[in-house]
Amino acid sequence: MDKTQIFTVLAVDDNLLNLKLIEKSLEKEGYRVLSAIDGPKARQLAAEEIPDLILLDIQMPGENGFEVIKHLKDNSETSTIPIIFLTGVIEVDSKLKGFKLGAVDYITKPFHPLEVLARVRIHLKLSIATNSLIRDQAQKLKQVTEAQTSMLPTPEDFPDAYFGVYYEAMQEAGGDFYDILKISDNITGYFLADSSGHDIETSYMTASVKALLAQNCTPIYSPAESMKMINDVLVEILPEGKYLTACYIHINRSTKKMVLINAGHPPVVHIPFEGETYLIESQGDILGMFKDAQFGRQDLDISKKDKFIVFSDGLVESAEKKTTWATGTQTLLPEFKKMRDIPYKEIPAELIKQIFPENTIMGDDIAVLCIEI
Amino acid sequence: MNFEEIASNLGLDEEDLNELLELFTTTSFADIEKINFGLKENDAEKVSQAAHSIKGASGNLGFQKIASLSKDVEMTAKEGNIKGLKEKTNIIVEELKKIENAMKTD
């Protein structure tokens with residue numbers, strides 16, 4: 001804490017003597033004091049000066065203290081300023097109401113200036129501690145973001161996997177996740193998932209899923225077996241209500257076979273080198289929720305230069321237009337078709353450019369992978 | 001009246017206290033006028049509000065007698081019964097004058 005920092009306290013009381021008494025006592029201890037004799041003036045000063053603390057009398061003619069608290073809490077700029085209210089000794093209801101509205105403490109009247117000082121001091125300390133805690137947590141979240149980003153492989157990490165990617169997390173810990181698995185020289189696994197939630201819990205889940213993929217996506221298991229085992233472990237370890245939608249693509253470039261496992265995830269786009277672009281629709285249970293989950297499965301013969309686009313629902317869903325991926329993907333088919341002649345590494349970013357005009361505020365995490373055979 | 005003691009009790013110096021006392025007596029006499037006006041006009045609300053103001057200020061400065069008298073006036077007036085409050089108001093005035101006189105001689 002900066003030693004030269006001067007704290008500002010806003011005192012609100014219709015009684016001039018009390019106001020002066022508070023002012024004198026606090027100024028003596030080095031505080032900067034702003035005074036207001038009624039509610040509207042108090043709100044105006046609070047919004048203009050953003051004091052570090054507010055001392056507020058409840059019983060005032062016109063707008064009373066409760067109304068002032070309500071207004072201050074409704075305004076995002078003033079909502080976090082701690083408020084200590086002044087109230088009569090016997091008024092229990094008033095104390096409860098003050099706390100309910102979000103005040104941090106009260107002082108009974110008649111008050112003693114030294115008590116006012118003591119309470120101001122302790123609540124400023126609390127407020128400083130809380131703010132620094134919030135800063136610490138933001139810092140930790142930033143580390144999580146970095147950790148999570150480092151879990152996402154780049155095309156440079158896997159040159160043989162022939163993929164391009166676009167990834168954007170809305171919050172520090174994104175809910176979207178993808179991974180590339182080198183199963184053998186000719187076989188690569190591509191996994192893309194979208195978890196319910198975007199919080200810290202989700203980021204731990206991301207780490208678990210990555211570990212599970214590494215353990216279970218090996219040459220000895222078929223893609224369906226890999227997903228089943230991952231599902232069974234996730235059912236055990238995920239907190240209630242948490243689950244993933246996921247898509248796992250298993251490509252063998254020597255036999256030209258592809259297996260697609262779909263767990264409640266949006267369809268995958270197939271752009272054949274020769275043939276019409278279409279959606280590979282396959283229904284299936286979500287991942288991590290049911291012990292006996294049945295996933296959608298598609299087996300495909302593939303050719304060199306075929307392209308596949310896998311994406312999370314953030315690409316096609318719009319809360320604004322109330323579209324879900326079921327309808328959203330269909331309407332985007334023309335956009336997918338336009339991607340045919342674009343190099344696979346550029347397709348994810350190009351799609352985003354096409355679908356989201358500049359300055360669009362995205363409502364969800366977005367992950368898009370484009371794979372070329 | 002020991003102003004030094006009052007000041008140290010409040011954590012203030014005497015200069016600050018003098019300023020506060022001046023403000024206190026001025027506003028309190030103004031409130032007394034409002035009480036008297038309310039009593040004359042049979043306006044119990046006005047009496048109660050003005051007494052509330054004196055109560056708050058005197059209580060915080062530690063003038064217990066004035067605080068307790070003005071509380072009586074406030075509560076009685078709140079019940080709409082303002083008869084017989086004149087006497088109590090006069091005692092408050094006397095107490096305020098005591099403070100004022102002590103300030104002059106101090």
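Heavy-atom basis, side chains included; hydrogens, waters and symmetry copies ignored. Chain naming here is simple, since letters A, B, ... match the order of the sequence lines and numbering starts at 1 in each.
To the nearest 0.5 Å, atoms NE2 (H52(B)) and CG (D14(A)) are separated by 6.5 Å. Distance check, rounded to the nearest 0.5 Å: CD of E23(A) to CG of D16(B) gives 10.5 Å. Atom-to-atom distance recorded for L61(B):CG and N18(A):CG is 8.0 Å, nearest 0.5 angstrom.
More than 12 non-hydrogen atoms from other residues, nucleotides or ligands lie less than 6.0 angstrom from CG of L16(A). Few gaps surround CD on E49(A); more than 12 heavy atoms of other groups in view lie less than 6.0 Å from it. Residue I91(B) qualifies as enclosed at atom CD1: its count of foreign heavy atoms under 6.0 Å is above 12. More than 12 non-hydrogen atoms from other residues, nucleotides or ligands lie less than 6.0 angstrom from CD of E27(A). Counted within 6.0 Å of OH on Y243(A), heavy atoms from surrounding residues, nucleotides or ligands total 12 or fewer; the atom is thus considered open. Counting non-hydrogen atoms of other residues, nucleotides and ligands closer than 6.0 Å to NZ of K71(B) gives a total of 12 or fewer. Annotation: F99(A), atom CZ; neighbour count of heavy atoms from other residues, nucleotides and ligands within 6.0 Å is above 12. Atom CD of E48(A) sits in a crowded spot, with more than 12 heavy atoms from other residues, nucleotides or ligands closer than 6.0 Å.
By the 4.5 Å heavy-atom criterion applied to side chains, P113(A) and L12(B) are not counted as neighbours.
In this structure, the portion of E19(B) lying under 4.5 Å from any heavy atom of chain A is its side chain and not its backbone. K28(A) touches chain B through its side chain: at least one heavy atom from C-beta onward sits under 4.5 Å away, while N, CA, C and O do not.
Note on G62(B), G56(B), G11(B), S58(B): by heavy-atom pairs under 4.5 Å with chain A, the leading option is G56(B).
At distances below 3.5 Å, at least one donor-acceptor pair connects side-chain atoms of N15(A) with backbone N or O atoms of S53(B). Of the possible donor and acceptor atoms, one in the side chain of N60(B) sits under 3.5 Å from a partner among the backbone N and O of F111(A). Panel note: side chain H112(A), backbone N9(B); a donor-acceptor pair is recorded below 3.5 Å.
P110(A) and G59(B) get closest at one heavy-atom pair: CB-C, 3.4 Å.
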